[in-house]
Amino acid sequence: LSLYSSPARETKYVENPKTELEEGVSRLRHVMEPYTAWCQLGLGFVFSDLELTGSSKVKADSSLCSGFFSEGYEFLQKPPAGFYPRFGVISFAGIIGLFLARGSKIKKLVYPVALMGMGTSMYYPQQAVAIAKVAGTQLYDWSLQGYIAVEALWKD
């Protein structure tokens with residue numbers, strides 16, 4: 001037996017197989033990679049506008065808020081009269097729709113949207129009429145296209 005050599009150990013590295021969850025997350029990350037890169041690029045632009053003050057606090061430039069969120073921020077600061085009660089009624093209608101839609105996934109989609117639509121049309125009738133006209137013409141066009149497609153299949 002030599003003091004300076006050690007016996008050769010036969011070791012193998014065995015990688016654990018990936019689970020379905022890990023594979024799904026991996027696929028999702030690869031699909032979302034362009035969007036996350038875009039967001040990181042946007043955040044880099046936003047953070048380049050930040051400046052460091054002497055007291056080690058981050059101070060944001062006023063143009064930061066004026067870019068993306070200024071209109072929504074101003075609207076919530078000075079809402080029109082009766083905005084919050086209307087918002088409450090429309091939201092409550094959606095919650096009632098979720099409560100009534102127990103069971104089916106389709107019901108969970110249709111009931112809240114329908115009840116919120118009815119609540120919204122109660123407060124905004126002119127906009128509801130305009131949306132209904134556009135939706136009616138779209139439905140008519142889609143049904144006409146479907147009829148033409150079925151007729152073409154039937155004739156062939």
Side-chain angles (χ1 to χ4, degrees), residues 16-53 55-156:
N16 292 335
K18 288 186 178 180
T19 63
E20 289 183 33
L21 177 64
E22 290 174 332
E23 289 178 8
V25 169
S26 176
R27 275 189 246 119
L28 179 66
R29 288 180 72 192
H30 287 300
V31 168
M32 296 301 291
E33 189 173 10
Y35 304 109
T36 56
W38 179 77
C39 288
Q40 288 173 350
L41 200 109
L43 286 176
F45 173 73
V46 168
F47 287 127
S48 68
D49 289 343
L50 298 175
E51 57 187 47
L52 200 59
T53 62
S55 63
S56 298
K57 292 183 180 178
V58 176
K59 179 183 170 189
D61 188 17
S62 64
S63 66
L64 187 80
C65 292
S66 66
F68 297 109
F69 304 107
S70 66
E71 291 179 18
Y73 181 75
E74 289 174 12
F75 181 80
L76 290 176
Q77 289 297 320
K78 299 175 185 175
F83 171 73
Y84 289 118
R86 291 176 180 180
F87 180 74
V89 168
I90 293 168
S91 300
F92 187 69
I95 292 170
I96 294 294
L98 282 174
F99 179 73
L100 293 175
R102 291 188 179 170
S104 172
K105 290 182 180 181
I106 295 174
K107 284 182 184 179
K108 288 181 183 178
L109 179 68
V110 172
Y111 283 18
V113 171
L115 288 176
M116 288 174 69
M118 287 191 296
T120 305
S121 65
M122 183 174 64
Y123 286 116
Y124 304 103
Q126 290 89 7
Q127 290 87 351
V129 169
I131 290 172
K133 286 180 182 178
V134 171
T137 57
Q138 287 292 325
L139 283 173
Y140 177 73
D141 290 341
W142 289 341
S143 64
L144 192 60
Q145 289 174 0
Y147 177 76
I148 291 170
V150 169
E151 186 180 36
L153 286 173
W154 186 260
K155 285 184 180 180
D156 291 341

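Below, each value reflects all heavy atoms present in this structure, side chains not excepted, and no hydrogens, waters or symmetry copies. When a residue number appears, it is its place in the shown sequence, counting from 1.
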Any chance you could measure [X], atom [atom1], to [Y], atom [atom2], to the nearest 0.5 Å?
X    : Y    : atom1 : atom2 : value
I96  : M116 : CD1   : CE    : 12.5 Å
L98  : L109 : CG    : CG    : 10.0 Å
L144 : Y147 : CG    : OH    : 9.0 Å
W142 : T137 : CH2   : OG1   : 9.5 Å

Where [X] and [Y] come nearest, the two heavy atoms and their spacing:
X    : Y    : answer
P112 : K107 : CD-O, 3.6 Å
P79  : Y84  : CG-CE1, 3.5 Å
Y123 : V89  : OH-CG2, 3.4 Å
K108 : G103 : CE-N, 4.4 Å

Taking atom [atom1] of [X] as the centre, report whether more than 12 heavy atoms of other residues, nucleotides or ligands fall under 6.0 Å from it.
X    : atom1 : answer
F92  : CZ    : no
F87  : CZ    : no
Q138 : CD    : yes
L28  : CG    : yes

Are the side chains of L115 and M118 in touch, meaning some heavy atoms are under 4.5 Å apart?
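The answer is yes, as the side chains (C-beta and beyond) meet within the 4.5 Å cut-off.
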
Tell me if a side-chain donor or acceptor on S121 pairs with a main-chain N or O of G117 at a distance below 3.5 Å.
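Yes; judged by distance alone, with no hydrogens or angles, the pair exists.
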
Where the side chain of S91 meets the backbone of G88, is there a donor-acceptor pair that is under 3.5 Å apart?
no

